[in-house]
Amino acid sequence: MTDVKAEWPGVISEIKVSVGDTVTEDQEIIILESMKMLTPILSPAAGTVAEIAVEQGQYVDEGTTLAKLD
Amino acid sequence: MVWQPEIDELNQRKELAYKLGGEERVQKHLDNGKLTIRDRIATLADENSFRERGVLAGKATYEDNELVDFRPSNYVMGLGKINGRRVSIGGDDFTVRGGAADGAVGDKKTHQERMALELRIPIVRLVDGTGGGGSVKTIEDIGRTYLPGGPGFWETANDAMEQVPVVAAAMGSVAGIGAARVAVSHFSVIVKGTGQVFTAGPPVVERGLGMWVNKEDLGGAEIHAHGSGVCDNEATDELDAFEQIRIFLSYLPSSSWELPPHESTDDSPTRRDEELLSIIPRERRQPHIIRKLIKHIIDHDSFFEIGKFFGRSVVTCLGRIDGFPVAIIANDPMVVGGSLDTPGSEKMLKFIDLADTFNLPIINLVDQPGFMIGVEAEKAGVIKAGVRALQAIYQCSVPWATVVLRRAYGVAGAGHQNHSNSRWPYRISWPSGDWGSLPIEGGVMAAYRRDIEAADDPESYRQQIEDKLNLLRSPFRTAESFNIEDIVDPRDTRPLLAEWVQDAYRVLRISTLGPKGRGMRA
């Protein structure tokens, strides 16, 4: 299980994958808007999306788990 | 043939020294995936260029005045060449007393540094040893404890930091003064898997804190090349570490009294890459890929990044334009929107000092939304780290070129160059230039709060003000008042900088070079 975490605070702008999706390493998982920049959060490894832990529009702190990969 | 017996003895003694800590210990060292210190030096330096100093130093055992055993000093050093240029190279021999200082004979480490200072050549430290006092076994040997000092090292270390390039590689478990010798450098690299750096290793941590941690989790590449900033770069193996050292030194002069070496290139200075015209998205909130952008501007194959995984909102790299080495600073919008945070500021400060110390012209590619904001950033002391970076900008005296790619906001954005009347930094902007004290989006609420709150429809009134101000946002309006000196076609950036770099090097050639007087901290 790999956690995809927010490395800095911001607002979830877009969730680009769904539970069950297969993702490749460096694939865009979530777009986090921070410092007025739409920053893609990339998958740290290849795998399957096991859980999406946030919702669009939600504020997240640094270190928040955004998704889990199997 | 008068002195033949002595020559025979000399050779015999050298052979004994070449055995390092003995077959068993050497084999164990090799089994751990590490090269011996002699192979490390031979691999790093140009072929047959190493001239060792102090090969005869060691602890000898005699029987009836006959040499029967010899344990060489565990620091091997001398002069060598890298890419045809003279350097001093030294490294710990881990196979003798784990590279610890109690296995040293004579102060070969300080000797190497003094030699490098006298000859004004780089210092390469291949560190694979522990503390300066060695182990506590020293106490038993000398029959007393001792007050730690180490004056020799710090005296030369400080001089070296302002006079000659200092490069350090962490090639084993490195603690105490060994760790300090890695950290007090211009460029440090840690070998992934076999290199660890810590103030004290796992047994000391367990005793002092009651916490057991393995050495990799305590001070491996993941810790020090991906977060702490103690090591600038990580290397996949020892050969990669040597390659990075060679590349780093290829951009630097041998000392602060000289200019960085020009290298011929077949890359045209007037190359205009079409991609640059579309590389910045029109949508302000969309990031771009800064490393790709940099490579469109500098000479092919001349990109050497320092500190890639630390302070990631700032990219610092060495490169060449028309063969001339330059130091490039850029903001990475992919990381905290490119804002200047505490680690980014620390990285920028050291990089500017490095460039200033070694006469490298600086190019700043600006897409800077300002200092990082928020609780965590404040806790990390962003404004203190930030002003230190700005002080470095105002202290540095090498030629400076600013290219505003997009945003330049706030105090951090203002710090894109030294604005003193005594300086003339070259500055151009791309048509995507977007600047101010505060961005319009957030600034409207701060500046017009009363009016907005008093309006019948506050939200639409806020939008009205924003729309009105956005009409004034064109960088051409700023250029009308000469507040930005020139807006250029992004494709012209390389040709323009290639002309600037010629000016920069001409000015440096007729300047008095040498240490800058401000010193340089690691």
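Note on naming: letters A, B, ... go to the chains in the order of the sequence lines (proteins, then strands), and numbering restarts at 1 for each one.
- Open room surrounds OH on Y448(B); 12 or fewer heavy atoms of other groups in view lie less than 6.0 Å from it.
- The 12-atom threshold is exceeded at CG of L349(B), counting heavy atoms of other residues, nucleotides or ligands nearer than 6.0 Å.
- Annotation for D301(B): atom CG does not count as buried by contact number, only 12 or fewer foreign heavy atoms lying within 6.0 Å.
- Around atom CZ of R388(B), no more than 12 heavy atoms belonging to other residues, nucleotides or ligands sit under 6.0 Å away.
- When heavy atoms are compared at a cutoff of 4.5 Å, V335(B) approaches chain A by way of both its backbone and its side chain.
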Evaluate R312(B) against E7(A) for side chain to side chain contact (heavy atoms under 4.5 Å, CB included), listing each step before the verdict. CA-CA 11 Å; R312(B) 293 186 297 133; E7(A) 289 184 70; 2.4 Å; yes
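- To the nearest 0.5 Å, atoms CD (E376(B)) and CD (E62(A)) are separated by 5.0 Å.
- A 4.5 Å side-chain heavy-atom check between S339(B) and S34(A) finds every atom pair outside the cut-off.
- Among the candidates D61(A), L38(A), T39(A), the residue making the largest number of heavy-atom pairs closer than 4.5 Å to chain B is L38(A).
- Using a 4.5 Å cut-off between heavy atoms, Y409(B) does not touch chain A at all.
- Using a 4.5 Å cut-off between heavy atoms, R407(B) touches chain A through its side chain atoms alone.
- Counting heavy-atom neighbours within 6.0 Å of E283(B) CD, excluding the residue itself, gives a total above 12.
- Smallest separation of non-hydrogen atoms from F371(B) and M35(A): O-CE, 3.5 Å.
- To the nearest 0.5 Å, atom CE of residue M334(B) and atom CD1 of residue I41(A) are 10.5 Å apart.
- Taking 4.5 Å as the limit, every side-chain heavy atom of K36(A) sits out of range of all side-chain heavy atoms of R284(B).
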